[in-house]
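Protein chains get the first letters and strands the later ones, always in sequence-line order, with residue 1 at the start of each. In this text, all values refer to a predicted model and were calculated from it rather than measured experimentally.
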Amino acid sequence: MDGGAGGGGGAGPEGALHRAGARAGEALGLVVLPGAGVGLAAPGGALPLAGDPAALVAHLEELLHPRWTWWSAAGTAGPLVAAGVHLARCHDVAAAHRLLAGGGRDDPGAAWAAAHGLPEPAAPAPGRAAAHGTGLLDLDGALEGGSGPLERDGRLAAGWVDGRALGPEVEPAERLRRAARWAELALRTAAAQRRALEGAADPRPRPAPPALALQTAWSESAAALLAVELEVTGLPVDRAVAEAVVAAEVGPRPRGPAGEEAARAARDAPVHALLGPVDLRNPAAVLAALRGLGFDLPDTRAWRLERLLGAHPAVEALLRWRRAERTATTYGYAWLERHVGADGRLRGAWSASDGGAGRMTAQAGLHSLPAELRPAVAAEPGHALVRADLGQVEPRVLAAVSGDAALAAAAREEDLYAPVAAALGVDRPTAKVAVLAAMYGQTSGAAGEALRRMERAYPVALAFLRAAEEDGRAGRDVRTWGGRRVRTGGGREARPDPPEEVLAARGRFARNAVVQGAAAELFKAWAATVRAGLAGAGAGGRVVLCLHDELLLHVPQRGAGAAADLLRSALADAARRWAGERVRFVADVAVVRRWSEAK
DNA sequence: TTCCCAACGTA
DNA sequence: CGTACGTTGGGAAT
C-alpha cells in the first residue's frame, strides 16, 4: 500500500491506529469507500484513511490480523474480495442481528436500534438501501445541521442508513471523516451485540458449549463473507458439456426471437397432436384437457401423471414436454447466457442466512441444478473438485441439541440408522422413516407403530421436538442450538383464533426449524473452518458451492489430497466446538473432475 | 405493474 | 415424509 495512507502520518497508519486503541487480533471497524479510502474505528477513536482500500486493508490484515467489524460483508467486502484480499476474521453486524433478532430485517437501522433497546425503525425504502448510495443529495437537517448520524432520539439518521451521507457527491475529506464515524457506529453496535450474545440466557434443557452464541455469530459472519466470495469466485462450468446436455433435451440453440418461437411450437406439437390445441403453460387448461380424456385430477403434478402412464399416450407426451420446457425456460441457453461468464464461471448472488431457519440461499439456480447438469460442473485444467457431504446430519443434530443420550449413542456409529433399527425392532428403512417422521411432524399414518417405539426408545429427543412444536402452535419464537431466534408467525397477522390447519403448520415449521436451523449452523461452522484452512494452505483452493449439507471445493490438482483431509479435520473441529464430544458427525469425501462423478 | 399460484428443481 | 428455498409462466388484482 506504499504511501497511500493519509491521516496516519509518517510511514503509515500504524501510529494513529495504535493511539486509537487498535490491538492485534481485536475488533476493528471498517467502512470502504471504493476508489477513495477507508474509515477505520478502534475502541479509542476513528481514523479516516485515503488511498486504495484493497491495499490499505491488505496491509492492516497482515499487520493486525483484526476481527474486521462491518455493518455487512455484502456492503463492505465486495470490492476487497474482488481485488483478491483475504480477510480472515470478521464480525458482521447484519449477520449477528439476524441471529439475535430473527425476522427479515438486517439493515444498520434495525441492528443499531436492537442493540440499543430502541424500537425497530421504519423499513428503508425497498431497493434503495444500497451500501453506499450514489443518489443525491437533499441532505436533510440531520446532516446539514451538524448533528451527524444520530437523531435526537438515538436512532440512526435516514441519510446515513441509506448511504447518502457517504455518497460520492460529498466533499472528499468530509466523506472520509464520515466513513470513519460510520465505522465507529458499526463497532459500537457489534460490541453491544457481543454483550448480548455472551449474556444470552440458555433456555435449553442442557448446557451448550461455552460461548456458543458468540461463536455462532462469528461463524455466521464468516459465512456472510463467504457468500460474497462465492459470488465473486463462481462455480466452474464446462460450457460445452452444459450446452450438450441442454441440446439433448431441447435441440440446438434457437437463433433470434423467431427461432425461439419455432422451438417453442416444435416442443408443443407432439402434445397438441394427442391432447388438442391446449395452452400447455396454463395448468387449468391442462387440467380441463385431461378431464376431456376422462382423467379427473385435483392437479397436474408430475407424480400424479406418472400413475397414468399406461392409460393414454398423451400423458407420456405431456411429461416429456414438462421436462423439455423446464430445461428450455429455466436451465437452457438463456440461463447459460445470463449466468455463465466468459471465464466459464456460473455466478449468482448468495445469502448467508435466509428464510426462517437460517440456511444459505443462492440465486441463478445454484441450489437447484438438475442432476443432468452436474457433469457440466467441472474442474479447470490442473485443478480438481473436492466434494464432501455430511451424512445423516439432521438426526445427528437432533441427538446433539436435544441431549438424548440414547440417540447420541446411535450417532456415534457410522450408520446411525442401524442402531436405531435395532432399538426399535424394525428394519432399517422403517427406522429411517420413523426418525424423519418424528423430526418433521408426520401427518399421514404411515409410520405409526414405529413412531410409538421411537417415543419409548428416544423420549428426550421426542420431547424436545414436541416442545418446539408446542411453541410454534402457540406462536412463541423458538431458538436454535446456536441461538438463532426463529419467529413462528404468531406476531404478524395475528388472527384472533387461527384454524387448526394454521396451528398445525406452525407446529411443523417450528419442529423442523430447530433441527434444520441447527444443522445450518453446524454446516456454516464447518464451511468457515474449511475456508480458513484453505487460506492457510495458501495453494489457491476455493469453496465454490455450499449446498445445505454439501461443500464443493475447487483446488489445484496437487492440493486435492490435502483439501480432502482438510474437509474431514475441519468437520471434526467444527463439530467439537459446536456440540462437544457426544455426537459424531461424518462426511463422505471424494476427489473428482466432475461433480457428477461423486457419490 | 404487482402479487399469488402451480409446478418442479435442490437439500 | 415433512420443511426450506429459487425460478418460471400465467392469471387475477391493482
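Taking the salt bridge (charged side-chain N to carboxylate O under 4.0 Å, His left out) definition, one finds that Asp549(A) meets it with nothing, sequence neighbours left out. Contacts of Arg98(A) classified as salt bridge (charged side-chain N to carboxylate O under 4.0 Å, His left out), with partners at least two apart in sequence or in another chain: Asp106(A). Judged as a salt bridge (charged side-chain N to carboxylate O under 4.0 Å, His left out), and not counting sequence neighbours, Glu501(A) has no contacts. Every residue meeting the salt bridge (charged side-chain N to carboxylate O under 4.0 Å, His left out) condition with Arg531(A), not counting sequence neighbours, appears here in chain and number order: Glu229(A).
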Do any side-chain atoms of residues 310-320 of chain A form donor-acceptor pairs under 3.5 angstrom with protein atoms, and if so which ones, sequence neighbours left out?
from      : atom 1 : to        : atom 2 : distance (Å)
His312(A) : ND1    : Ala314(A) : N      : 2.9
Glu316(A) : OE2    : Arg320(A) : NH2    : 3.0

Contacts under 3.5 angstrom, residues 363-377 of chain A side chains, donor-acceptor by atom type, not counting sequence neighbours:
from      : atom 1 : to        : atom 2 : distance (Å)
His367(A) : NE2    : Cys546(A) : O      : 2.6
Ser368(A) : OG     : Tyr331(A) : OH     : 2.9

5' to 3', nucleotides 5-14 of chain C under a 4.0 Å protein heavy-atom cut-off (B base, S sugar-phosphate only, - none) gives SSBSSSS---
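At the heavy-atom level, Arg322(A) lies under 4.0 Å from the strands shown only through sugar-phosphate atoms. Arg374(A) comes within 4.0 angstrom of the backbone, heavy atoms only, and of no base. If you check every strand for non-hydrogen atoms under 4.0 Å, Leu369(A) touches sugar and phosphate atoms only.
With a cutoff of under 4.0 Å to any heavy atom of chain A, the contacted region of DNA chain B is bounded 5' to 3' by dA6(B) to dA11(B).
Atom CG of Leu465(A) and atom P of dG2(C) are 16 Å apart (whole Å).
Note on residues 506-529 of chain A: pairs passing ring pair (Phe, Tyr, Trp, His ring centres under 6.0 Å), not counting sequence neighbours, are Phe523(A)-Trp526(A). Listed by first and then second residue, the side chain to side chain donor-acceptor pair (under 3.5 Å) pairs that reach into residues 272-291 of chain A are Asp268(A)-Arg281(A), Arg281(A)-Glu325(A), Arg291(A)-Asp296(A), sequence neighbours excluded. Residue pairs that meet the salt bridge (charged side-chain N to carboxylate O under 4.0 Å, His left out) test with at least one member in residues 329-351 of chain A, sequence neighbours left out, are Arg253(A)-Glu337(A), Asp343(A)-Arg347(A), Arg345(A)-Glu380(A).
At a non-hydrogen distance threshold of 4.0 Å, Gln516(A) from residues 513-522 of chain A come into contact with DNA chain C.
Taking every heavy atom of both residues into account, Val478(A) and Ala468(A) meet most closely at CG1-O, 4.2 Å.
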